[in-house]
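Before any comments, here is the structure.
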Amino acid sequence: MSRAARHVPAITPVYRVALVSGANRGLGLEVARQLSEQGMTVLLGARDLDKGLLAARKLSGAAGEVIAVQLDVTRQDQIDTLARWIEITYGRLDVLVNNAGAHYDPAVRPATADIASARAAMDVHLFGSWRLSNALLPLMRRHGYGRIVNVSSGCGANATNSENAPAYRVSKSALNAYTRVLASELEGSGILVNAVCPGWVATDMGGPGGRPIADGAAGIVWAANLSDPHTGGFYRDGRPIAW
Ligand code: NDP
């Protein structure tokens with residue numbers, strides 16, 4: 001074989017920009033770490049920017065750049081400012097991980113639940129993801145590529161019939177429904193929308209006894225890299241689970 005015939009052209013890696021909400025700790029921080037290790041530029045969303053800057057510093061040295069950005073997913077003004085900044089700075093967004101979460105209420109029961117706290121859970125899990133996706137979809141459509149990963153929970157599966165954590169369960173169930181309708185609208189656009197349950201993970205929210213954070217994050221990162229036209233699915237550890 002001649003020298004010319006053996007020549008393999010260099011493959012230029014695709015430049016990808018990812019945004020992870022609630023990434024100053026827990027699963028979000030680990031997802032940011034794993035995506036940056038893949039070489040993506042990662043925007044590390046934190047509602048307290050100081051916490052975000054400290055978290056981003058922990059990830060310095062990874063293959064991809066990590067930049068802390070202020071992001072409270074209940075604040076439309078912050079989302080609009082961030083979307084505009086991403087457009088001006090990068091002109092693209094390839095991966096959106098709707099991870100920000102809170103309002104786990106295991107001691108509460110539906111019949112005596114405080115509606116204000118249920119509303120707050122919906123505002124973060126459902127409407128936070130919805131606001132952020134709406135603001136960033138135009139940037140994904142521009143390149144005909146996008147991966148939206150909604151970090152959900154088996155608690156939101158329709159088949160579960162526990163009575164505890166009602167605000168958490170109902171809001172994650174709503175996030176699952178939103179995942180399906182958005183995926184349906186975007187079919188054929190190059191933008192895949194999926195929900196992922198990370199399993200029980202030993203974060204501040206999950207508490208001790210859960211599995212390592214890196215294991216829970218891996219299933220989220222898997223969905224952020226899906227190359228098949230799989231959309232509108234609900235996964236744990238890369239395998240489909242029941243809605
Ligand atoms: P943590 O409590 O460790 O982290 C939650 C993150 O969400 C923090 O960064 C927090 O910010 C952020 N956050 C909360 N509210 C907002 C908001 N309004 N805007 C922006 N960020 C916000 O939780 P986990 O890492 O465990 O949870 C991450 C996701 O995984 C959640 O959606 C959760 O429901 C889901 N999940 C977790 C499981 C587990 O076992 N851990 C199981 C199933 C699902 P701050 O530091 O400012 O509070």
Side-chain angles (χ1 to χ4, degrees), residues 19-34 42-56 58-59 66 68-82 96-106 117-133 135 148-157 160 162 164-176 178-179 194-221 223-224 234-237 241:
L19 171 64
V20 185
S21 68
N24 53 289
R25 60 188 167 101
L27 280 158
L29 176 59
E30 178 60 20
V31 167
R33 190 182 68 76
Q34 293 186 17
V42 178
L43 309 177
L44 183 155
R47 56 183 169 172
D48 179 333
L49 186 57
D50 286 351
K51 289 182 185 170
L53 290 166
L54 285 169
K58 288 182 200 158
L59 305 186
V66 180
V69 293
Q70 182 147 41
L71 175 60
D72 181 332
V73 299
T74 67
R75 294 271 307 267
Q76 187 68 51
D77 59 331
Q78 288 189 7
I79 289 174
D80 291 343
T81 301
L82 178 59
L96 170 61
V97 181
N98 285 311
N99 166 78
H103 304 285
Y104 185 55
D105 54 343
S117 107
R119 191 192 294 269
M122 293 289 274
D123 205 21
V124 175
H125 296 148
L126 174 63
F127 295 118
S129 305
W130 201 329
R131 283 183 197 100
L132 208 47
S133 301
I148 297 177
V149 185
N150 293 329
V151 181
S152 184
S153 167
C155 287
T160 60
S162 295
N164 67 356
Y168 188 78
R169 283 180 194 283
V170 170
S171 60
K172 290 294 189 181
S173 200
L175 177 63
N176 286 355
Y178 168 66
T179 302
N194 291 289
V196 170
C197 169
W200 177 26
V201 180
T203 60
D204 292 343
M205 195 200 90
R211 64 183 181 154
I213 297 178
D215 294 358
I220 299 168
V221 171
F234 189 19
Y235 298 96
R236 183 185 296 126
D237 296 330
I241 57 174

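Treat the numbers as computed from the prediction; the structure is a model and nothing was measured. Numbering of ligands and ligand atoms starts at 1, following listing order.
- Less than 4.0 angstrom separates some heavy atom of Leu71 from each of these atoms of ligand 1: 19 (N), 20 (C).
- Dense packing is recorded around CZ of Arg211, with more than 12 heavy atoms of other residues, nucleotides or ligands lying under 6.0 Å away.
- Close approach of ligand 1 to Trp200 (heavy-atom distance below 4.0 Å) involves ligand atoms 40 (O).
- Neither side chain, Ser152 nor Asn150, offers a donor N or O lying under 3.5 Å from an acceptor on the other.
- Every N/O-N/O distance between Val124 and ligand 1 stays at or above 3.5 Å.
- At least one side-chain heavy atom of Ser133 sits under 4.5 Å from a side-chain heavy atom of Tyr178.
- Listed by number with element, the atoms of ligand 1 under 4.0 Å from a non-hydrogen atom of Thr74 are 18 (N).
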- Derivation and outcome, side chain to side chain contact (heavy atoms under 4.5 Å, CB included), residues Val20 and Leu44: CA-CA 6 Å; Val20 185; Leu44 183 155; over 6 Å; no
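- Side-chain contact of Arg47 with Asn24: a donor-acceptor pair under 3.5 Å is absent, judged by distance alone.
- Of the protein's non-hydrogen atoms, the one nearest atom 31 (C) of ligand 1 is Asn99 O, 3.2 Å.
- The N/O atoms of Arg25, backbone and side chain alike, include one that comes under 3.5 Å of an N/O atom in ligand 1.
- Close approach to Tyr168 involves these atoms of ligand 1, each under 4.0 Å from a residue heavy atom: 33 (C), 34 (O), 35 (C), 36 (N), 43 (C), 44 (C).
- For the residues Gly199, Gly206, Gly22, the heavy atom positioned nearest atom 42 (C) of ligand 1 is part of Gly199.
- By heavy-atom distance, the residue among Ser152, Cys197, Gly210 lying nearest atom 44 (C) of ligand 1 is Ser152.
- Of the N or O atoms in Ser153, none lie within a sub-3.5 Å distance of an N or O in ligand 1.
- Summarising the contacts of atom 47 (O) of ligand 1 with Lys51, Arg211, Arg47, the nearest heavy atom is found in Arg47.
- Near Val151, with a cut-off below 4.0 Å to any heavy atom, the atoms of ligand 1 are 29 (C), 30 (O), 32 (O), 35 (C).
- Note: no N/O pair closer than 3.5 Å links Pro198 and ligand 1 by distance alone.
- Remark: minimum distance from atom 40 (O) of ligand 1 to any protein heavy atom is reached at Val201 N, 2.8 Å.
- Using a distance-only test at 3.5 Å, with no hydrogens or angles considered, a donor-acceptor pair links the side chain of Ser21 to the main chain of Asn99.
- Considering Ala217, Ala100, Gly101 only, the shortest heavy-atom separation from atom 5 (C) of ligand 1 involves Gly101.
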